There are 2 protein chains.
Amino acid sequence: MRNREFRDAIYEQFARISKALASPKRLELLDLLCQGERSVEVLAKSTGLSVANASQHLHTLRAARLIEAEKRGLFVVYHLADRQVCDLLSAIRLLAEARLADIEQITRQFMKSHPNLEPVDRETLRERVLSGAVTLLDVRPKEEYLAGHIPGALCVPLEELEERLDGLPRDQEIVAYCRGPYCVLAVEAVERLKARGFEAHRMEDGIVEWRSLGLPVEEAVSAAESQHRNRGDA
Amino acid sequence: MRNREFRDAIYEQFARISKALASPKRLELLDLLCQGERSVEVLAKSTGLSVANASQHLHTLRAARLIEAEKRGLFVVYHLADRQVCDLLSAIRLLAEARLADIEQITRQFMKSHPNLEPVDRETLRERVLSGAVTLLDVRPKEEYLAGHIPGALCVPLEELEERLDGLPRDQEIVAYCRGPYCVLAVEAVERLKARGFEAHRMEDGIVEWRSLGLPVEEAVSAAESQHRNRGDA
DNA sequence: CTAGTATTCAATGAATTACTTGAGTATATG
DNA sequence: CATATACTCAAGTAATTCATTGAATACTAG
C-alpha cells in the first residue's frame with residue numbers, strides 16, 4: 001500500500017524532531033539556547049557535560065535542524081534555528097508539569113533541602129513592589145534583562161552580585177527572580193544574600209510566567225536590543 | 001553541587017515526555033488518538049503495527065502519562081490524557097514542516113505518483129462552495145464529522161463512499177477533505193471517485209488547518225456528541 | 001611556521017530500545 | 001463450563017543510542 005509508505009516517511013520525519021528532544025541533556029542545552037546564543041564550551045560547562053559529549057549532542061540537535069552553528073574565530077557559537085523551538089520546549093514543560101506528579105515532588109524536595117528559600121508569589125510581590133517595600137532583583141544575564149524584565153527590577157546578574165552588594169538595602173526586603181521555577185539563578189542569589197545578612201526571598205515564577213500572565217514587562221529599546229542581536233554574549 | 005542534581009532530575013522528567021514521542025509509530029498513534037478514542041486493535045490496524053507491538057507502544061505512551069486506557073468489556077479503549085498533547089503534536093508538526101526540507105520533498109513525490117490528485121486550496125474552495133458550484137465531502141469517520149466540520153460539507157465516511165455514490169452529482173465538481181495534509185482519506189476518496197467517472201478534487205488542508213485559521217466550523221450538538229463520547233467507534 | 005585553544009571526529013564497550021514470538025489473563029458467547 | 005476474542009506480558013535477539021577516550025582539524029597569536 002503506497003499510503004503506508006508515505007505515512008511512514010512523513011512520521012519518520014516528524015520523529016527526527018522528537019528524537020532530537022529525547023534526552024534530558026539536549027533539552028537542557030536547548031533551554032539554554034532559548035536564552036541566547038552560546039559557545040560549546042559554555043554550554044558544556046552549564047550542563048555539566050564534557051566538551052566532546054556536548055559537541056555530539058549539539059550535532060544531533062543540528063541534524064534535526066533545531067539549532068544552527070556559526071563559527072566566530074576560535075569559537076563555534078550555537079543558536080536556535082527557529083523561535084518555534086522555544087514554543088515546543090514550553091509545550092513539553094507545560095505538559096510535564098501538568099501530568100507528571102514526580103516533578104512537583106522533586107521541586108518540593110529541593111525546596112526542603114534549601115529551607116531558607118521561602119518563595120514569594122506574584123500577588124504578594126506586586127503588592128510589596130507597589131508599596132515600595134521591596135527591592136526587586138533580576139539576576140539573569142544582562143542581555144536577558146534588556147530583552148524584557150519586570151518593571152522596577154534592578155539588573156544584577158548573578159556574577160556581579162558580590163560587587164554590587166554595597167548598593168543594596170540592608171533595611172529592606174530583597175526579592176530575586178530569574179527565568180522560572182527550574183532556573184536556579186535566583187536560588188543561588190538568595191543564598192548568597194542571606195549569607196551576607198540580607199533579608200532576601202525568591203520569587204517562584206520567572207519572567208516567562210510573568211509574561212504569559214499578561215503582566216507588564218519593560219523592554220530595553222532599539223539600541224540595547226540590536227546590540228544584543230549582534231553581539232550576543234558580552 | 002545540589003543544583004545540578006535538581007536540574008538533572010527535572011530535565012529527566014521532561015525527557016520522559018519527549019522520549020515517549022521519539023518514535024514515528026508512537027507519533028502516529030497519538031495523531032490518531034487526537035481524532036478520538038480508539039481500541040488497540042483499531043490502532044494497530046491503522047498504523048500497520050502488530051497488536052502486541054502496538055500494545056507496547058501504547059504502554060510507553062501511558063507511562064509518560066500522555067494517554068489513558070479504559071477497559072470496556074472485551075476492548076481496551078485508549079484516549080489522550082490531555083488536550084495539550086494535541087498542541088504538542090502540532091508544535092512538532094509545524095516545526096518539522098518549517099525546518100525539514102525532506103517533508104516537502106516527500107509530499108511532492110507522493111503527489112507525483114498520484115497525479116490525478118491536484119489539490120484545491122482554501123480560497124478557491126470557499127469561492128466555489130459559496131457559489132454552489134461544488135459538492136463538499138467530509139470523508140472522515142462519522143464521529144469526527146459530528147465533532148466539527150466545514151459548513152455545507154456532506155458526511156461521507158470513506159468506508160461508506162461506494163454505497164453513497166448514487167447520491168453524488170455527476171455533473172458537478174466534488175471536493176473531498178479529511179484531517180489534513182498527511183491524512184490520506186481524501187486522497188483515497190478522490191481516487192475512487194475519479195475511477196467512477198466523477199470530477200473529484202482534494203482539498204489540501206484538513207479540518208485542523210481550517211479551524212486554526214479561524215474559519216467557521218459547524219458542530220453537531222449534545223446528543224451526537226455524547227453518543228460519540230460513550231460509544232466511540234461504531 | 002609553531003604552539004595553543006576550541007571544537008569535532010572515530011572507535012569502543014555499555015546501556016537502551018524495538019520488534020517478534022509464544023504464553024498468559026480477562027471478558028464475552030455458545 | 002468451554003471456547004473465542006482482545007489484550008498484555010516476558011523473553012530473546014537485533015538495532016540504536018550513549019558516554020568516554022584519544023586523535024584530528026581549524027583557527028589565532030606570537
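Fair warning: this is a prediction, and the values are worked out from it, not measured in the lab. Computation of the quantities below employed the complete heavy-atom set of this structure, encompassing side-chain atoms and omitting hydrogens, waters and symmetry-equivalent molecules. Below, chains carry the letters A, B, ... as their sequence lines are ordered, and counting in each starts from 1.
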For residues 46-56 of chain B, which side-chain N or O atoms pair as donor and acceptor with protein atoms under 3.5 Å away, sequence neighbours left out?
| unit_1 | atom_1 | unit_2 | atom_2 | d |
| --- | --- | --- | --- | --- |
| B:S46 | OG | B:V42 | O | 2.5 |
| B:T47 | OG1 | B:L43 | O | 2.7 |
| B:T47 | OG1 | B:A44 | O | 3.2 |
| B:S50 | OG | B:N53 | N | 3.1 |

Study note, to complete from the structure: Under a 4.0 Å heavy-atom criterion, DNA chain D is touched by chain A from D:dC18 to D:dT28
Check your understanding: What are the residues of residues 73-81 of chain B, sorted by number, that bring a heavy atom to within less than 4.0 Å of DNA chain C?
Key -> B:G73, B:L74
**Study point:** Spacing of A:E70 atom CD relative to C:dT7 atom P, expressed in whole Å
**Key:** 13 Å
Result block: side-chain N/O donor-acceptor pairs under 3.5 angstrom for residues 87-94 of chain B, not counting sequence neighbours:
| unit_1 | atom_1 | unit_2 | atom_2 | d |
| --- | --- | --- | --- | --- |
| B:S90 | OG | B:C86 | O | 2.7 |
| B:R93 | NH1 | B:D31 | OD2 | 3.1 |
| B:R93 | NH2 | B:D31 | OD1 | 3.4 |

Check your understanding: Listed by chain and number, what are the side chain to side chain contact (heavy atoms under 4.5 Å, CB included) partners of B:E162, not counting sequence neighbours?
Key -> B:R192, B:R196
Study note, to complete from the structure: Sorted by chain and residue number, the side-chain hydrogen bond (donor to acceptor under 3.5 Å, both in side chains) partners of A:E68 (sequence neighbours excluded) come out as B:R99
Practice item. Please name all residues satisfying salt bridge (Lys or Arg N to Asp or Glu O under 4.0 Å) with B:E104, sequence neighbours left out, ordered by chain then number. Key: B:R108
Check your understanding: What's the CG-P distance between A:L43 and C:dA6, to the nearest Å?
Key -> 14 Å
Exercise for review: With sequence neighbours excluded, tell me which residues meet side chain to side chain contact (heavy atoms under 4.5 Å, CB included) with A:A69.
Suggested key: A:R62, A:V76, A:Y78
Check your understanding: Taking only residues two or more places apart in sequence or in another chain, which ones pass side-chain hydrogen bond (donor to acceptor under 3.5 Å, both in side chains) with B:E97?
Key -> B:Y182
**Study point:** Salt-bridge contact A:E28-A:R26 (side-chain N to carboxylate O under 4.0 Å)
**Key:** no
Check your understanding: Would B:E188 and B:R202 pass as an ion pair if we require N to O under 4.0 Å?
Key -> no
Review point. Looking across every strand, which nucleic acid part, if any, lies under 4.0 Å from A:K71 by heavy atom: base, sugar-phosphate, or nothing?
Key: sugar-phosphate
Practice item. Please report, rounded to the nearest Å, how far the P atom of C:dA6 is from the CZ atom of A:R38. Key: 17 Å
Check your understanding: Which residues within residues 45-62 of chain A lie with some heavy atom under 4.0 Å of an atom in DNA chain D?
Key -> A:A52, A:N53, A:Q56, A:H57
**Study point:** Non-neighbouring partners of A:R65 that pass side-chain hydrogen bond (donor to acceptor under 3.5 Å, both in side chains), sequence neighbours left out
**Key:** none
Review point. Closest nucleotide of DNA chain C for B:R26 versus for A:V40: which of these residues is on the 5' side?
Key: A:V40
Residues 12-20 of chain A side chain polar contacts: donor-acceptor under 3.5 Å, at least two apart:
| unit_1 | atom_1 | unit_2 | atom_2 | d |
| --- | --- | --- | --- | --- |
| A:Q13 | OE1 | A:R16 | NH1 | 2.8 |
| A:R16 | NH1 | B:D102 | OD2 | 3.0 |
| A:R16 | NH2 | A:A63 | O | 3.1 |
| A:S18 | OG | A:A15 | O | 3.3 |
| A:S18 | OG | B:L21 | O | 2.8 |

